[in-house]
Amino acid sequence: MMNAAVSDVPMVHADRVSKSFGSNEVLKSISLSVPQGEVMCLVGPSGSGKSTFLRCINHLERVDAGRLSVDGVLVGYEERGDRLYELKPREAARQRRDIGMVFQRFNLFPHMTALENIIEAPIRVNKVKKEAAIAHGRELLAQVGLAEKEDAYPAHLSGGQQQRVAIARALAMKPKLMLFDEPTSALDPELVGEVLDVMKGLADSGMTMIVVTHEMGFAREVADQLVFMDGGVVVESGDPDEVLGNPQHQRTKAFLSKVL
């Protein structure tokens, strides 16, 4: 999926990232790198730290140790001398604009139509003119297969349709990186495919993505890198076919025997 023009600076680089909640150490010195234009899928049991790691990437959670950078820029902190200082909330929010995030729950504004949900942030945050925001919003609705639903309210959309609107809303900010936190886990099984198809299209377009997922077929087909996490550490990572077809660690084998 990479092309020759892609920078050799990784889109995401985690260097010994640790995070605790009280006495519970959720991330234990995680080091990972995602090249620009590639897709990384994070898999593992609940509570293994996958979602926390995702939230650290856009500074929704502070890291306790280590460093996280996106496109070569430190996330949530600035370095002065040999010390790190946390950015002010407004500066951290400005960084976050470049990182799209799609959650399990769709979090759409119930009082706004699909199109209104999509254009809200570009107009308010990026000061895009309304006409331009609407035109781009309609393009995005077409991209996620919902061109005819621009005037529909979330309550009148299926879960799969709501999640596709949520993806379009994240894309409306023209992010350089997309994070997906189990985007299909709240959906009825027959609606999962329509969301995964949109994500496959994004990957094919060259969008850098990190996806926390239980959809092993999607991971095998779309990921450049599969990472198995358990107990706050990276147990195993590599080519999806290798990790899924020939896991090296007992913990990976035990997990995959339950989900494959």
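Because the structure is predicted, anything quoted here is derived from the model rather than measured. For this chain, numbers begin at 1 and follow the sequence in order.
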(message) The test is side-chain contact (heavy atoms from CB on, under 4.5 Å); show your working for Val195 and Val198 and say whether it passes.
(response) CA-CA 5 Å; Val195 174; Val198 169; 5.7 Å; no
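- Counting heavy atoms from C-beta on, the side chains of Ile210 and Val12 come closer than 4.5 Å.
- Hydrophobic cluster membership differs between Leu179 and Val39, with clusters built from Ile, Leu, Val, Met, Phe, Trp and Tyr side chains linked at under 4.5 angstrom.
- Within a 6.0 Å radius of NZ in Lys130, no more than 12 heavy atoms belonging to other residues, nucleotides or ligands are found.
- In this structure, Pro45 and Phe255 approach most closely via the heavy-atom pair N-CE1, 3.5 Å.
- Under the 3.5 Å distance criterion, the side-chain polar atoms of Lys174 are left unmatched by any main-chain donor or acceptor of Leu171.
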(message) Please evaluate residues Phe180 and Leu202 with respect to the criterion side-chain contact (heavy atoms from CB on, under 4.5 Å), reporting the C-alpha separation (whole Å), side-chain torsions for both, the decisive distance (0.1 Å), and the verdict.
(response) CA-CA 12 Å; Phe180 293 87; Leu202 266 185; 3.9 Å; yes
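- Qualifying ring-ring contact (aromatic ring centres under 6.0 Å, His included) partners for Phe103, counting only residues two or more places apart in sequence or in other chains: none.
- With rounding to the nearest 0.5 Å, the separation of CD in Glu221 from CE in Met216 is 14.5 Å.
- Put simply, the side chain of Lys50 never gets that close to the backbone of Asp181: no donor and acceptor are under 3.5 Å apart.
- Under the 4.5 Å side-chain criterion, counting only non-hydrogen atoms from C-beta, Val70 is not in contact with Val73.
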(message) Under the criterion side-chain contact (heavy atoms from CB on, under 4.5 Å), I'd like the reasoning laid out for Val211 against Leu42: C-alpha separation, chi angles, the key distance, then a yes or no.
(response) CA-CA 6 Å; Val211 184; Leu42 300 177; over 6 Å; no
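- Under a 3.5 Å cut-off, the side chain of Asp98 and the backbone N or O of Pro175 do not form any donor-acceptor pair.
- His214 places none of its side-chain heavy atoms less than 4.5 Å from the side chain of Val43.
- His111 and Tyr153 make their closest contact through O-CE2, 3.3 Å (heavy atoms, listed as atom of the first residue, atom of the second, distance).
- Counting only N and O atoms by type, the side chains of Thr113 and Asp151 include no donor and acceptor under 3.5 Å apart.
- Although no hydrogens or angles enter the test, the distance criterion places no donor-acceptor pair under 3.5 Å between the side chain of Ser48 and the main chain of Asp230.
- The hydrophobic clustering, which links ILVMFWY residues whose side-chain heavy atoms are closer than 4.5 Å, places Val233 and Val243 together.
- Distance alone, capped at 3.5 Å, is enough to place a donor-acceptor pair between the Gln95 side chain and the Leu74 backbone.
- Two rings, from Tyr85 and Tyr77, have their centers 6.0 Å or more apart.
- Asp71 and Gln36 are linked by a side-chain donor-acceptor pair at a separation below 3.5 angstrom, with hydrogens and angles left out of the test.
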(request) In sequence, state the C-alpha distance, the side-chain angles, and the governing distance for His13 and Ser69, and then conclude on side-chain hydrogen bond (donor to acceptor under 3.5 Å, both in side chains). (result) CA-CA 5 Å; His13 184 63; Ser69 58; 5.8 Å; no
(request) Report the C-alpha distance between His136 and Leu140 in whole Å, list the side-chain angles of each, state the deciding distance to 0.1 Å, and finish with yes or no for side-chain contact (heavy atoms from CB on, under 4.5 Å). (result) CA-CA 6 Å; His136 188 222; Leu140 291 170; 3.7 Å; yes
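- Gln163 places a side-chain N or O within donor-acceptor distance of the main-chain N or O of Pro183, the cut-off being under 3.5 Å.
- Asp15 contributes no side-chain N or O that, together with a main-chain N or O of Gly66, makes up a donor-acceptor pair within less than 3.5 Å.
- Under the 4.5 Å side-chain heavy-atom criterion for grouping Ile, Leu, Val, Met, Phe, Trp and Tyr, Met11 is connected to Leu60 within one hydrophobic cluster.
- Side-chain atoms of Cys41 and Phe218, non-hydrogen and from C-beta on, do get closer than 4.5 Å to each other.
- Gln225 places none of its side-chain heavy atoms less than 4.5 Å from the side chain of Asp239.
- Interatomic distance, CD1 of Ile119 versus CG of Asn126, reported as 13.0 Å (0.5 Å rounding).
- One finds a salt bridge joining Glu79 and Arg67 here, because a Lys/Arg side-chain nitrogen approaches an Asp/Glu carboxylate oxygen to under 4.0 Å.
- Atoms NZ and CG, from Lys19 and Leu68 in turn, are 12.0 Å apart once rounded to the nearest 0.5 Å.
- No more than 12 heavy-atom neighbours from other residues, nucleotides or ligands sit within 6.0 angstrom of NE2 on His156.
- A donor-acceptor contact shorter than 3.5 Å is absent between the side chain of Ser20 and the backbone of Gly22.
- Residues Leu115 and Ile134 meet the side-chain proximity criterion, which asks for heavy atoms closer than 4.5 Å.
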(request) Take Thr252 and Glu236 through the test side-chain hydrogen bond (donor to acceptor under 3.5 Å, both in side chains) and record every step on the way to the result. (result) CA-CA 7 Å; Thr252 318; Glu236 194 163 344; 2.7 Å; yes
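- Inter-residue side-chain proximity for Leu108 and Arg169 is flagged as met; some heavy-atom pair is nearer than 4.5 Å.
- Proximity of a side-chain donor or acceptor of Arg164 to a complementary backbone N or O of Val144 within less than 3.5 Å is detected.
- A pairwise comparison of heavy atoms in Ile118 and Ala168 identifies CD1-CB, 3.6 Å as the closest pair.
- Side-chain contact between Met40 and Asp224 is absent, with no heavy-atom pair separated by less than 4.5 Å.
- In this structure, CD in Glu61 is found 4.0 Å from CZ in Phe21, a value given to the nearest 0.5 Å.
- Residues Leu32 and Val222 do not share a hydrophobic cluster, clusters being chains of Ile/Leu/Val/Met/Phe/Trp/Tyr side chains in contact below 4.5 Å.
- Distance CG/Leu191 to OG/Ser158: 5.0 Å, rounded to 0.5 Å.
- To the nearest 0.5 angstrom, Met229 atom CE is 9.5 Å from Ser51 atom OG.
- In this structure, a donor-acceptor pair under 3.5 Å is present between the side chains of Glu86 and His59.
- In terms of heavy atoms, Ala114 sits closest to Lys149 at CB-O, 3.4 Å.
- Residues Leu196 and Leu187 are members of one and the same hydrophobic cluster, defined by side-chain heavy-atom contacts under 4.5 angstrom among Ile, Leu, Val, Met, Phe, Trp and Tyr.
- Applying the 4.5 Å side-chain rule to ILVMFWY residues, one finds Phe109 in the same cluster as Met112.
- A donor-acceptor pair under 3.5 Å is formed between the side chain of Lys28 and the backbone N or O of Gly231.
- Around the CZ atom of Arg97, the shell of radius 6.0 Å holds more than 12 heavy atoms that belong to other residues, nucleotides or ligands.
- Closest approach of Met199 to Met209, counting heavy atoms only: O-CE, 3.6 Å.
- Across all non-hydrogen atoms, the minimal contact from Cys56 to Leu27 is SG-CD1, 4.1 Å.
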